Every structure is written in structure tokens, then in C-alpha cells.
Amino acid sequence: MSIVEVSGLAKSFGQTQVFQDISFRLKSGELVTLLGPSGCGKSTLLRCLAGLITVDAGRIAVDDRDITGTPAYSRGIGMVFQSYALFPNMTVAKNIAFGLAMQKLPADEIAARSAKVIGLVELSGYESQYPHQLSGGQRQRVALARALVVEPKILLLDEPLSALDARIRKSLRDQIRDIQQRLGLTTIFVTHDQEEALILSDRIFVMDGGRIVQEGTAESVYAEPASQFVARFMGHYNLLDGTQSKALLGIETTGYIAIRPESILLSDHPTETEEGIPGVVRRRQLLGNIIRYSVESTGVSLSVDRLNGSADDLLPEGAAVRLRIDKSILREVH
Amino acid sequence: MRAEIYHRTIVSLLVLLLGLPVAATLAYSFATRWGATVLPDGFTLSWYVQLWQDQRFLAAFFRSLVVGFGTLAIGTVVVVPAAFVVFYRFPALDKVMGILSLVPFAVPPVVSSVGLLHLYSDGPLPLVGTPWILVGCDLAIVLPFLYRAQANALGAINLRDLMDAAHILGAGTARAFLMVVFPLLRKGLMASLFLSFSLLLGEFVFANILVGTRYETLQVYLYNVRQVSGHFTSAAVMSYFFFTLVLTWLAARLGR
């Protein structure tokens, strides 16, 4: 049974259509990412789901209950903001207990439930600190605890990791996924970071221009981009237009041919008789475990990824190479 | 080294220039008689005793406090929610409010009081001669200070996310404002209130032209007793100065 059902959702501010025709279903305990560039409407969509902004059209239902017109506080939703939105005048404990205090629960129950989530987000010992005394990662964990303590049916995360530095971002990302799976919490995660989306999600909804342009598992969205936009956004796909693809591969297309950089094989000591397309290395970028070569062939520039093996395997700029492209994994997109 | 001497000289001269009249007034307020001699004949507290036993002074001081507290109470009740509504619902209005709050600076009190005299001397609202017109004028004077302080505090916090977070957790708008936003504004508000209060205690033009002796405030009283005795007036000025100093110090402390 699906726990969240959204159909035909639309919102515009004045003349500007923020999103339209948004429909999806979430299964219980699923983590779904709304992935898209800034301005694609994903954050506004999240705020509409939370009840912070009213929608112009469409229906939102949770557990078969229509909550389209329900005020934010009675939707059973928890939300974490990019800016943390912690109450600066309250301690960690008061921040976390805020939602329970609003429900006028007895003090001992508030204390017990707060202590439980404080343990869950590993913030024991910080109860009497104020938000300004905490690091970014700690603040976001307080925000997470504050959202979790009211035991929401759905957790909404609005770019919760964007304001954090890379190392903290990775560890908090893993912690969020771990907590989400332990609690079996249905979660919608908004991000513009495709790597984050690929790592975290059970399913990804890619948004562009106020519409969901592709949805599917991380594997399927990455391997089978449905459009030129998704191919560009999800990875560092090489996109060849009709002329380029005819020249390089002998394939005619009215759209684009998408080739993943890691699917091109480079032969670095080519012989005259060897198969493959001749090319020249123009640029080399070190991405850690991967080396990205920019290879030019028949007037087309291609990105080619190779694992960073031994130093002997490094190709210098200007090196002559042969490219081998497996045509079975090419994708034609429009 | 030479630059330091130069800077020190300039600062010392400035302090001397600003401090000398205050020091002289202070000395004069304690002097028994200070006529043809370089130093006073003797020192006494009698001018202060006389002043603080003068019923007319005490009444004027009290009236100034009433007008000041009244103005700031109304000002707080009006400006704090107004600033919140501007920032939360109509951010575009912040510019309008900024211009509006500059008007009291743009029109000199002598000019606007003539208009106010015409408007409120009779007709449906004959306020001239009552403390109410003073409260109204004083509100206009302190509006820029009160509004700006609130606007700065509201601009420095992520108001929308804080309100949204409070809403999702079950607080209504009024509750979210009182529990989350207002505590963040309190410090700036207190500082601006103390500053405004000391400003209002010194207000003379509106008080003299629009109300005068019909509701004699501190500044009007000082003006009216200027002929009585220089020592007595000096004691009054120093009392007022001390009071303002304390308020300004409190404002500076709270504003830190």
C-alpha cells in the first residue's frame, strides 16, 4: 500500500508557474529524492507537501487521508531545513522538545522522548548548549532530532547537507540514511547534488522546469537517462549531436547519442592495425580514484574516465590513443 | 610618534571642547555664589535640595516620564508587530517603511508644529494643549529608531524558516512570534527604547509650541525657570543630564 499519494499538483506565483502536473506515489519506508537544479521547483514542492504553501491544484493524500487543505501542524510531517532553522534563543533540549511542548504532553514524557532522539542522533551531553555553540553538523543533527521527536509519518529534508563541508556532509548523509532505515520512515529528500541522490535514494525523481522528467531507481536513472537534460545532470555524459555521432560512430540520430565517460575504453599504445577510433589526449584531470581524459577525435571532444591505477598508466597530454566504444550501451536521447 | 601626538592633541581638544560646558555647569550647580572671582565662593548641595523639593519641577519631570513611557508603550505595541508583518508577509514594504520613518528627520519640528497647530487646534480633534498631541509627535520622532532596530534584528535572522519550523511543530503564527521571534528582537528593542526615551526627555520644540505650560514637561520647565537662578537651572540641567546618561549607558550595554 502506498503511504503518500500526490496527483496533479500545480503551483504558480503570479505569472510564474513553479511546478505543474506533479503526480507520484511513495511506498511506506521509502526514501525518495527530488533531484534537480536550483529553481526547478523542488523546494517549493516540498513546502507544499509540508503545508507551508498552498497548492493551486491537485491532491495530496497520506494513508488515504486527503491532507491538501490540512494545516502544516496536523499533517504528521517533520521537516529539516537547509538553514537548520533552530531556535537561537533555546537550548538543544528546548529546541528538540518544542514540538512535544506544543502538543502539551506531560513533562516526563517530553523528557523521555527527547532523550531517546538525542541518543539516536548522538548528541548526548549537548542538551544545555545553544545552537550558536554547535558546529554545522551538530546543528543539523539537532534539527533532525527536532523533526523526529514528534514521530512524523513522513520526513521532509530540504537540502539538509548543502551548508556543510564535504567531510561532515558524507558522514551525516550516511547517518541520515541509517536512521531513516532503522525507523522505517518514509522520507523525501530534496537535493541538487546527483551524487547524494544516487547514494541515498531508493528512488530518484529528477525535476526540471517544474516537472518530474524521470523517475526510477538510482541505477536506472543513471544508466538510462530519459532525456538530454537528465543525461547532462546525472553524470558527465558525452552528448553527441547528429553530425558528431555520424562522424565518430557512423550513427545517424535526430537527437543526441549519450555515452558514459567510464564506458569508453582507451588503448594507449595503439598499433596501425588495431581496431578503434584514433584520438589525441588534450587534457588530463585527476579526480582522486579516477582520471578524466579529454580526448579529441574527428573534431569531437570526449570525456573518458579511467581508474587511477599505477603511475605508468598515466597518459600524457598529446598522446595518441585509440577509443573503443561499446555500441550496445549507447543511448539515444532527445 | 609625531602622528600620535597630533592625534592625541586633536582628541584631547575635542574632549575639552565638549566636556568644558558640562564641567562648568556641574561646578556652577554646586557653587554658592560665582560672580567676579575665578573660583566659586563656596560649594553647596542646596540648589539640588531646592530643585528636588520643587513641586513644579517634580510635576514636570513626572509629566515627561508619562509622555515618554506612554509614547514608547504605544510605539512598541505598534512598531514591533508592524515590522514583523512587513518582514514576514510584505518584504517589499520595508523600503516604504524606511522612507516613512525618515520623514520626521526631513521636516523640522518648527515647521511641522505649525501645521499641527492648524490641524489640531479645533475641529473634530482639538488636541493642542493636551499631552495626547505630544504622544503623537513623539511617536513620529522615535519611529525611525524603533523601526530600524526591529528591521535590523529581523533582517539578521532567517525569519521564514524559523516561522515555518515552528508552524510544522504545531505553533500558530502568534505563538511562533512570541516564543521564537520576539525573544530574538528583545535586545535590540530594549536598546532602541532606552535611546528613544532619552531623546524624548530632551524634546522641546513640539512641547513648547503645541502644549506649553498647559502640560509642562521637563524641557519646557527648564526653559521657563531659566530666569530664576543660574545655579538652580544648572542643577536642573545636571539632573536631566545624569538621567539621560544612565539611559544611554543602559542602551549601549543592552545593544552589545
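To find a chain, count down the sequence lines: A is the first, B the second, and so on, and within it residues start at 1. This one's a predicted model, so the numbers in the text were calculated from it and none came from an experiment.
Taking 4.0 Å as the cut-off between side-chain N and carboxylate O, A:Glu159 and A:Lys42 count as a salt-bridged pair. Salt-bridge annotation for A:Arg173 and A:Glu196: absent, with no side-chain N of the basic residue lying under 4.0 Å from a carboxylate O of the acidic one. Here A:Asp108 does not pair with A:Arg113 in a salt bridge; the nearest charged N to carboxylate O distance is not below 4.0 Å.
Comparing A:Ser83, A:Ala50, A:Ala147, A:Ser74 by how many heavy-atom pairs each has under 4.5 Å with chain B, the most go to A:Ser83. With respect to chain B, the highest number of heavy-atom pairs below 4.5 Å among A:Ile77, A:Leu52, A:Leu100 belongs to A:Leu52. By number of non-hydrogen pairs under 4.5 angstrom with chain B, the leading residue of A:Ala143, A:Pro88, A:Ala101 is A:Pro88.
In this structure, chain B has a heavy atom under 4.5 Å from the side chain of A:Arg47, while its backbone stays farther away. Using a 4.5 Å cut-off between heavy atoms, A:Lys104 contacts chain B through its side chain alone, with no backbone atom that close. In this structure, the portions of B:Ile168 lying under 4.5 Å from any heavy atom of chain A include both its backbone and its side chain. Interface residue B:Asn158: only side-chain heavy atoms are found under 4.5 Å from chain A.
Aromatic rings from B:Phe243 and B:Phe61 are positioned such that their centres are separated by under 6.0 Å.
Ring geometry for B:His167 versus B:Tyr88: interplanar angle of 30 to 60°, hence tilted.
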